[in-house]
Structures are given as C-alpha cells and as structure tokens.
Amino acid sequence: MQLAAIVISLVTFVIGTALAARAALYIYKVVRTGSADGTRFGQPAQRVATVAKEFLGHTRMNRWGVVGVAHWFVAVGFFSLVLTLVNAFGQLFDAEFALPVIGHWLPWNIFVELIGTLTTLGILVLMAIRLLSLPSRAGRKSRFAGSIAWQAFYVEYTILGIGLCIMMLRGLEGALEGVDSYGATYLVSYPIAAAFHGVAHGTLVNLVYLFAMLKICISFAWAITIGVNPSMGVAWHRFLAFFNIYFKREEDGGTALGALRPMTSGGAPIDFEDPADDAVFGVSQVEHFSWKGILDFSTCTECGRCQSQCPAWNTGKPLSPKLLIMSLREHAFAKAPYLLAGGGKDMEGEEKATAEQLKDVPAAALAEAERPLIGTAEENGVIDPDVLWSCTTCGACVEQCPVDIEHIDHIVDMRRYQVMIESSFPTEAGTMLKNLENKGNPWGLATKARLDWVKELKKETGIEVPVIGEDIDPAEVEYLYWVGCAGALEDRAKKTTKAFAELLHTAGVKFAILGKEETCTGDSPRRLGNEFLFQMLGAQNVETLNAALEDAPTKRIVATCPHCFNTIANEYPQLGGHFEVIHHTQLLQHLIDEGKLLPVNPVEGLITYHDPCYLGRHNKVYTPPREIIGKVPGLRNEEMHRHKERGFCCGAGGARMWMEERIGKRINTERVDEALSLNPDIVSTACPFCLVMLSDSVNGKKNEGAAKEHLKVVDVAQLLLESVKALPTADAEPVDA
C-alpha cells in the first residue's frame, strides 16, 4: 500500500507540476502578445496594498453576502493550507509524520481544523448556490448562463475532495495518537478520530497512506487539468487575479470607471493633430489590445456577476460582459500559436510573417487568425456587432467584477476602430455625429438656441442669468454653471436648468454661464468611438474654459449633467484642462447645510430616486441627492431594489441616447417597471438623460393605463425649488413633470 501510494503520488506530482509550469509560461507568452502599456507600473507600494486589501478583505465579493464569506474561506484555505499538502507527502513515508517546528504547535493545529472545516463548508455553500441557479432552470436569469459548466464543477469538487481529505487525515492522526477525549488540537476532527477507536494500528497506517495519496492525486490531477487548459479561467484566476488587480488601471486602487483611457497606439497616446503613419486606431485584432487586456481575458472566472448586473443582458439583448470577455479569451488563446510564431496583419491586411515562420503553426490557429474581431455569425466574427453596440457603458460590470476586469475600456477600444476606420456603426448615431460637427450639439439646433432658457427664465421669474465675460467679470463668479446640451436645448431638461438657476439666485450664489460659447463636451461621441470628434470638441471647450476662468479666483464649475460633469472633471485633464467640478446636487446639499436654502413647503407623496450611472457608479456620488430629498418635508423615500452601486441604467449612456433600441425590452421600460412596483407618486433623478428616458417610459405607461396619471418624473432640483419657493397662493401649481 505504501509503495503504491508513493509511486502514484510522485508520478502525479511530477506530471502535474511540469504541465502547470508549462501552462503558466504559455499564459505569460500569450499575455505578452498584447500591445505595450507602460501605465501599469506606478505606485508599486499602493498597488501591493490594493491587492492585499481586495484579497484579504474580499471587498467586491463580500457585497454578495454569504457568497463572499464562503468564497473568502475557500480562497484563504486554498493558499494557507498548502502546508497540509507538504504534510501529506511526509505521511507517505511515515504515517505519523508531522511538519517540523509547527507540526505539533497548538495554534497551527487549531488553524488547520477551523480553516479546513470552513473551507469545506464554504465550497459546499458555493456548490449549492450554483446548483440552485443552473442555467437549465433559470435561463438568462442565471449568472452562470454561458459559463463552462464542467470546469466550474470540476474545480468545486476538487476543493471539496481536498477539504474532506484534510479532515479525514486529521482524524486518522488523532486515532494514531490514541486521542480519547475532546481537545483543542482536534477541535473539529475528534468525531472522526473517535470513529476509528479500536481499529488496528496497521489499518490506520494504511488509511493514512491512502488518504495522503488521494489528497496529493486530487491536487495534482487539478494541476494536470489546468496545465492542458491554459484558458481555464475558473481555475487560473486563483493565480492571475493577484496580477490583474496589481496592474489595474487606477494606481490608487479605484475601479476603471469615470474617464476613458486616452487612445493609444503601441503604448503611446496618439497625437490627433499629427498621427504617426503606422498609428493603430482602436482595436481590430486581438493583439491590438494591451497586454493588460489579454490578462483581463485570461483572468475571467466566469462568475457572472457582471452579467447579472448588465442592463443589456437583463433586457434580452445579446451583450453579456462575461460572454464577451470569454469570447475574446478563447479567441486570443486559439490564435496564440500564430501570433507567437510571428504572425500578424498590418493595417492593409498584409501578412507580416514569412511562410517559413508559419509552417509549423496548426491549421486551427491559422483559421482563427482569419476571423474578424467584429463580425456577424455569417462572417465568422468573434464579437457580433449587436453585442458591441448594446453596451450603455453604465459601469455595472466593472463595479462588480471581483478581479478588476476593465470591460468598458475594451468595448470602447473596439468601437473606436469600427467608427474611425470602418465607419461602421448604427445609422441613427450618424445624425448625432453630423450635428455635433456642424452645430456643436446633438440636435443640430442653432447656437443661439442655447440662450432660450435664459429668456424663458427671465420672463417667468424676472431672474437674469449673466454670461461670463459679457455681463459679469470672471473675478466676481463663484461658479461657472455648465448647462450642457440637454440642459439648454431639451424641453424637459430645461426645467431642471431653470430650477437650478433659480435656486442659485435664491441662495445668493454668484454664478454665470458661457452661453453661446458652450458646446458639447464630447461624452457621447467618445463613448460611441469617435475619439477624433471628442478631441476636437474637448480642445475647443478647454480653450474656452481656460479663457473664461483665467481671472477667476478658482476654476470652479458646476454641472447639472453627470455626463458633462464626468467629462470635464475626469477627461479634460487629458487635454490640459484642470478644473474644480461638482455636480449640482453636491452644491445644493452644501447650500442647504449652510442654511442658504430652506426647504419649508411640503411636497407630499412617495418618492423613489434613480441613480444616474455617470453620477453614481462612475463618480461615487450617492448621498447628496438623497440628502436633498430627505430635507424636503412631506416626501416619503423608498429605494428601488436596484440602487446605488447596483443601480440599473436608464439606457441612455454609451451614446445609446441617440440609437434605437430594437432588440429585447427597452432598458428604460425595465427601470420604470421596477419603480412602478413601489407605486410611487414621484420618480426623481439627477441627470437630463435619465429624466428624458424615464419620462418617455412613464408617459407610455400612462397611455397604457399602467401608471397613475399624477405620477411625475423630476430632477431633485425641481423638488427642492418647489419646497424652497414661497408659494403665492395656497393652491399654487406643483412642479410640472
């Protein structure tokens, strides 16, 4: 028995170690096929701290309650109990072997007992959760839909088997020692030890050999399996996650939200005024992704948290962030032999490698190299165009990913090539781009129309809004109010604009606008993929803002549109524009706290607040809107099921505002259905895009008789104004939706 156990264990160990090491080297080579990216190495101490925090604290996983706790014990047990594997090797040669120094140390034995037990229980919990949410039962609602099931079950049963072997060996050790009562050393495994009372010593020894061999063979059979499956993310993420988190985009440990990365070629930002002749615009081949992108794909554990939160997937569209990343991973590894042999196509589609270099490349890899990255099923494309254009860039996938995959950056990089090189994008978006190029706003309205709301406000209230540099000196301005295209030109959003301006006037805040000098920030064209147009609009705005605020004591800007807020605050620094930017809800909360705005008039009714993605997830502004609502007397606030970090998109982000929604259920309808489940009187938000999308859906529901006629959709600024404003009569009109 002992000889067989030793031979089988050592053979399995040698094969498993060799194959796993070979696969690790291969993964490294595949990752290196990606393009250069030198932005991932700054602040090494902070990056190490981030890895430690995210692993030991399970900061993303623990948002999922019992799943996070169970996974914590499995993850910690996987690494911390590796010495029990060493101990098992020793037991092959001596059944009573114990690790030197710590083998009989009480704290170590208690640790093994507790962590071994909790790891086993943890994996049982995770297995139960998977079995209760099988795609065969739950369909698209299962976050495991599309995951490679056998790989996940194999990993789970491997961990369960190892955990059971650890506890069985602990019990056998106790039996060999003749333990006959409970004690700390065998805190959990004593019942197993007691079950072997009276068993012959030779039998116990053989059982130790057997279970030590089982533990080693299960462990290294797993190593063999991952060794022959280098794209097995559900297994390899245990090692790759540390690197993926370390090399994440934000040096301070933040998620890859807010700003998009500058467009690069060969690792260097593209100079759009004089691009290099060989500059690569966007991503049209998998090797055009940075090496961090390939690492992202390799690290995906297929857990489906991104998929479960994705507004596109939840409304019947083909986009699943998980399936997109998995498709890119499988394509990268299938194409890797061709790339590693020196293969590749230039921008004209000419092969860069010689026939000699490619002679030993498998036919399957050569065929994979011919697949277009973006293409329909008929074209044998890796990613279908409907998948690419379904994304709202809401950030739910990036927010939830436990291994810090940067989905949005990869999607936008693919869009950039489609728009800038192929001119291939939804036709409706072309109208928006043309209007921006010609008129500086997506509706194509005349520039002078940007001041119509100012005239309306003066007519309605007598308040005059000054234009900076014309009606007021920059030195007198506390805040430059960036109105935005929707706020200036869209009728429903203009109500928010006028309400906010009236509140600033009431609070005595010195503010001004740019008026006709303001133009689109470029948020929509950038997220659509037209980086050139963003650069053009952004450079123009930075120049205008710098000139307007040159003599201002602080370059302080307030915006009612989260998309404008995000672009000016987070993306204009890439263009040399450094400004202090806040959202209007932040300023209004501040004015209430200072006593400059006093909400006194009751606004009766049940209200639910919708978190705009670009205010919430992208910029972590959750509290101010809710505090404003909380200060308005009469309102009863109730949260929708999906709110704050898990808030559900309205469907307008990622330039989707300008594209028709032809597949599945409309995202704004899904969100309004969730709101209507609370039977509210008011749906509130803090974004003009959200206001338009939610209003459209609510109006449709009213026409169907599915929503109360008095239900209104308003910005929090409108609510606050209604409460602050002195009503001239008792029966004054409430704020208009």
Side-chain angles (χ1 to χ4, degrees), residues 50-80 114-135 137-147 149 152-153 155-157 159-160 163 233-234 237-238 241 245 253-255 257 299-311 313-314 320-322 394-405 407 608-609 611 613 616-617 620 622-623 626 637-649 674 677-678:
T50 297
V51 173
K53 176 185 173 185
E54 291 201 18
F55 175 69
L56 296 176
H58 257 47
T59 50
R60 304 286 182 83
M61 295 289 295
N62 283 336
R63 297 176 185 173
W64 290 66
V66 66
V67 177
V69 175
H71 190 276
W72 188 90
F73 284 111
V74 171
V76 169
F78 179 84
F79 291 103
S80 65
L114 291 178
I115 297 298
T117 302
L118 291 170
T119 296
T120 306
L121 293 175
I123 200 63
L124 285 170
V125 167
L126 296 180
M127 291 169 71
I129 289 169
R130 186 178 295 273
L131 290 170
L132 290 171
S133 186
L134 287 175
R137 298 175 191 164
R140 284 175 74 101
K141 288 188 179 298
S142 169
R143 62 186 174 92
F144 304 115
S147 298
F153 283 119
V155 169
E156 288 173 343
Y157 280 110
I159 296 169
L160 177 62
V234 70
H237 86 276
R238 298 167 186 283
I245 295 169
T255 49
L257 294 172
T299 307
C300 177
T301 184
E302 303 174 27
C303 65
R305 283 165 181 76
C306 58
Q307 180 173 284
S308 71
Q309 305 297 301
C310 177
W313 182 259
N314 275 282
S320 156
K322 177 188 73 178
C394 71
C397 50
V398 180
E399 180 71 35
Q400 292 299 329
C401 181
V403 293
D404 282 298
I405 292 171
H407 312 73
T608 190
Y609 173 72
D611 284 285
C613 300
R617 267 191 300 270
K620 307 296 181 279
Y622 299 111
T623 304
R626 289 174 169 81
N637 185 32
E638 190 168 342
E639 297 282 7
M640 283 182 267
H641 175 65
R642 293 175 287 203
H643 64 280
K644 293 189 176 178
E645 290 89 352
R646 291 203 197 185
F648 197 78
C649 183
E674 184 174 1
S677 69
L678 303 175

Kindly indicate whether the side chain of [X], heavy atoms from C-beta on, has any atom under 4.5 Å from the side chain of [Y].
| X | Y | value |
| --- | --- | --- |
| M127 | Y157 | yes |
| R60 | T255 | yes |
| C310 | C397 | no |
| H643 | Y622 | no |
| C401 | R305 | no |

Practice prompt. Mind running side-chain contact (heavy atoms from CB on, under 4.5 Å) on F153 and V234 for me, showing each step along the way?
Written response: CA-CA 10 Å; F153 283 119; V234 70; over 6 Å; no
Would you mind checking if [Y] and [X] are paired as a salt bridge, meaning a charged N to carboxylate O distance below 4.0 Å?
| X | Y | result |
| --- | --- | --- |
| E674 | R642 | yes |
| R63 | E645 | no |
| K620 | E399 | yes |

Calculate, to the nearest 0.5 Å, the distance between atoms [atom1] and [atom2] belonging to [X] and [Y] respectively.
| X | Y | atom1 | atom2 | value |
| --- | --- | --- | --- | --- |
| F73 | T120 | CZ | OG1 | 12.0 Å |
| L124 | L160 | CG | CG | 5.0 Å |
| T608 | E638 | OG1 | CD | 7.0 Å |

Give a yes or no answer on whether the side chain of [X] reaches the backbone of [Y] with a donor-acceptor pair at less than 3.5 Å.
| X | Y | result |
| --- | --- | --- |
| W313 | R140 | yes |
| Q307 | A145 | yes |
| H407 | I405 | yes |
| S142 | F144 | yes |
| S133 | I129 | no |

Non-hydrogen atoms of [X] and [Y] that approach each other most closely:
| X | Y | result |
| --- | --- | --- |
| V403 | A241 | CG1-CB, 3.7 Å |
| R238 | F79 | O-CZ, 3.2 Å |
| R617 | R646 | NH1-C, 3.8 Å |
| G68 | N62 | C-OD1, 3.2 Å |
| L56 | W72 | O-NE1, 2.7 Å |
| H58 | A75 | CE1-CB, 3.9 Å |

Discussion item. I'd like to check the ring pair (Phe, Tyr, Trp, His ring centres under 6.0 Å) partners of H237; sequence neighbours left out, ordered by chain and number.
Written reply: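 Ring pair (Phe, Tyr, Trp, His ring centres under 6.0 Å) check on H237 returns nothing, list empty.
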Worksheet entry | Exceeds 12 heavy-atom contacts within 6.0 angstrom, atom CZ of F78 |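 More than 12 heavy atoms, drawn from other residues, nucleotides or ligands, come within 6.0 Å of this atom.
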Item to complete: List for me each residue that meets salt bridge (Lys or Arg N to Asp or Glu O under 4.0 Å) alongside D611, sequence neighbours excluded, and say none if there are none.
Response: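 D611: salt bridge (Lys or Arg N to Asp or Glu O under 4.0 Å) contacts with R626.
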Discussion item. Is the terminal nitrogen or CZ of R143 (NZ for Lys, CZ for Arg) located under 6.0 angstrom from the six-membered ring centre of W64 and within 45° of that ring's axis?
Written reply: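 Yes, R143 and W64 form such a contact.
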Worksheet item: Is it true that the side chains of K322 and S147 contain a donor and an acceptor less than 3.5 Å apart?
Response: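 K322 vs S147: donor-acceptor pair found between side chains.
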Item to complete: With side-chain contact (heavy atoms from CB on, under 4.5 Å) as the test, would you mind laying out the steps for K141 and N314 before giving the verdict?
Response: CA-CA 8 Å; K141 288 188 179 298; N314 275 282; 5.7 Å; no
Worksheet item: Among L126, L121, T119, which residue meets the side chain to side chain contact (heavy atoms under 4.5 Å, CB included) test with I123?
Response: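 The residue from L126, L121, T119 that satisfies side chain to side chain contact (heavy atoms under 4.5 Å, CB included) with I123 turns out to be L126.
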